[in-house]
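Have a look at the structure below before the remarks.
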Amino acid sequence: MSKQHYKVCFCFRRMFKLRVAEPPEEIKKLFEEHSENGIMSIDKLQEFLIQVQGDHNVTKDHAQAIFNSLKHLNIFQRKGLHLEAFFRYLIGDLNSPLHPRGVHHDMKAPLAHYFLFTGHNSYLTGNQLSSDSSVDPIKDALQRGVRVIELDLWPNSSKDDVEVRHGGTLTSPVELIKCLKAIKDNAFSASEYPVVITFEDHLNAILQAKVAKMVTKMFGAMLYFPESEYITEFPSPESLKKRVLISTKPPTEYLEVQSTMVRDSQRQKDSVEDIETRNSNAKRTKIDEDEDEENATPEYRKLIAIHAGKPKGASNIWFPDPNKVRRLSLSEQELENATKTHGPDIIRFTQKNLLRVYPKGTRLDSSNYDPMLGWMHGAQMVALNMQGYGKFLWIMQGMFRANGGCGYVKKPKFLLPADHPDNEVFEQPQVKITSLKVKVYMGEGWDRDFRRTHFDLYSPPDFFVRVGIAGVPAEQDHMKETQVIEDDWLPVWNEEFEFPLMVPELAVLRIEVREHDTSGNHDFGGQTCLPILELRSGIRAVPLHDKKGNKLKNVRLLMRFQFAYG
């Protein structure tokens, strides 16, 4: 057993023993139950996978594949697995906490039947006020599986080209053409399902025409054009594979007439002939701009696959024209207010139409809001600041680990159109899962992914684990915490928690590791969020991620998940 030294002062050092990761006692006992003479055969491993892990359809070939994956270890023997080899399998990459099923949701329903992985101000590198605009966060978002990219379009300083920036702030611009190129090159690197680009458009008709040509040339056959300007139902993700869709407000009848008004004093000095000449020039300018608009508007309109904006003259936005589907956008605060009086109406609206929710304008630090309120009411595009971090972004990332990480998650049945004629909105789904037990055994890998003094200058870290459920209000529970294990890079907790589940279809399991600090400002040691319905029962190795959602190379927890059914 090796030792590790920490310098406390010039003449004194603290010495700590470094342990080797060992299986917890419960794992040793399970190994004894499913082995003979200290050896677990292929048949016994298959038995363990069925009885303990709940993998009821597992075959002997699958058990053999696990054997083969361990052959490179010195601890592997031909006759079977020793305890150490069995333990390395349990805490290894092949023992994922999520079902390795890939895309398994029905992808042939209309777009309105899915939650879409959606970004807000996708071009910003940091805060909403003064950070740079760049293509890098766009690339990063698409490579993570984000399917909805937002671009704010503004005229450049010379008014002859289009740039992307956060208007009214100190953020620097980036050329639109560069953003479109980044989307084209990365759109389907993580998922083959469609990418939606939402334009926040601040352009005149001439620049809209320029955007239309730019977009059409850049994406070519990838660009999806609807068969008609207005449609009664959105197409399906399956039918739109590897296609790019544009969503924005239809262009208004834009006309920019230069002023021909002159001061009264100047007019009196002008001859009648001069005035007539100026009026004639003004009329000619107006005619030229009308012709520009006639040429520009149809090109830009043709791009729009998903029409955005509020219905004109509607007394209630939640009851639009039933013969036209559209996208409506609300701020987080507007949605919260609307749910107090129009909750069922919002759900009915989102059964056919798209609802996008975006962060309120005061979130200048790129912080985020709780996405659950939007999802609970069927909002498909709950837009978060991907350039930020924190628990709400982690929850978003956890939700979209479902369905193979393709960026589309089918909404629960109770948020979809009902089969019966009155289109009743169900308040509660009919499900069998009633609770989840979570046991935290141990963790490893921090000593390989972090510097020796990252957490504490004078001793090994003091880790503890926080576990909780993010879901509907009835499920929201305070994070439960394990005890603190002091001065140990290989902490063992062996603690179990139980969580009731009311709506598991929308629930995400939150897991965080912190390093205890007496000041109360506990250091971050890793996190992950896992969609409940994708969670595998049994003993699983749970990889942890950093604050941005990047997977840490070696850090993981050994945990056990058990569902109760009622």
Inset, instruction - Decide if the gap between the ring center of His522 and the ring center of Phe464 is smaller than 6.0 angstrom. - result: yes

Legend entry - Phe87 and Phe31 aromatic centres sub-6.0 Å: no

Report yes or no: do [X] and [Y] form a side-chain donor-acceptor pair below 3.5 Å?
X	Y	result
Glu25	Asn494	no
Asp61	Thr59	no
Ser519	Asn521	no
Gln128	Ser366	yes

Could you report the tightest heavy-atom contact between [X] and [Y], atom names first, then the distance?
X	Y	result
Ala112	Leu354	CA-CD2, 3.7 Å
Ala470	Met372	O-CE, 3.4 Å
Asn95	Tyr89	CB-O, 3.6 Å
Met396	Thr118	CE-O, 4.2 Å
Arg560	Glu26	NH1-OE2, 3.0 Å

Does the side chain of [Y] come within less than 4.5 Å of [X]'s, by heavy atoms?
X	Y	answer
Tyr389	Asp546	no
Arg363	Tyr369	yes
Ile511	Met559	yes

Inset, instruction - Let me know which of Leu111, Val195, Thr198, Ile197 forms a side chain to side chain contact (heavy atoms under 4.5 Å, CB included) with Leu245. - result: Leu111

Inset, instruction - Apply side-chain hydrogen bond (donor to acceptor under 3.5 Å, both in side chains) to the pair Asp43 and Ser41, showing each step before the final yes or no. - result: CA-CA 5 Å; Asp43 289 338; Ser41 64; 5.2 Å; no

Do [X] side-chain atoms and [Y] backbone N/O form a donor-acceptor pair below 3.5 Å?
X	Y	result
Arg327	Arg356	no
Asp449	Lys553	yes
Trp394	Lys547	yes

Hey, are [X] and [Y] close enough for a salt bridge, meaning a charged N less than 4.0 Å from a carboxylate O?
X	Y	result
Asp55	Arg540	yes
Glu481	Arg466	yes
Glu238	Lys108	no
Asp321	Arg326	no

Inset, instruction - Applying ring pair (Phe, Tyr, Trp, His ring centres under 6.0 Å), name anything that partners Phe117, two or more places apart in sequence or on another chain. - result: Phe400

Inset, instruction - Indicate the ring-plane relationship of Phe349 and Trp318, choosing parallel, tilted or perpendicular according to the 30° and 60° boundaries. - result: perpendicular

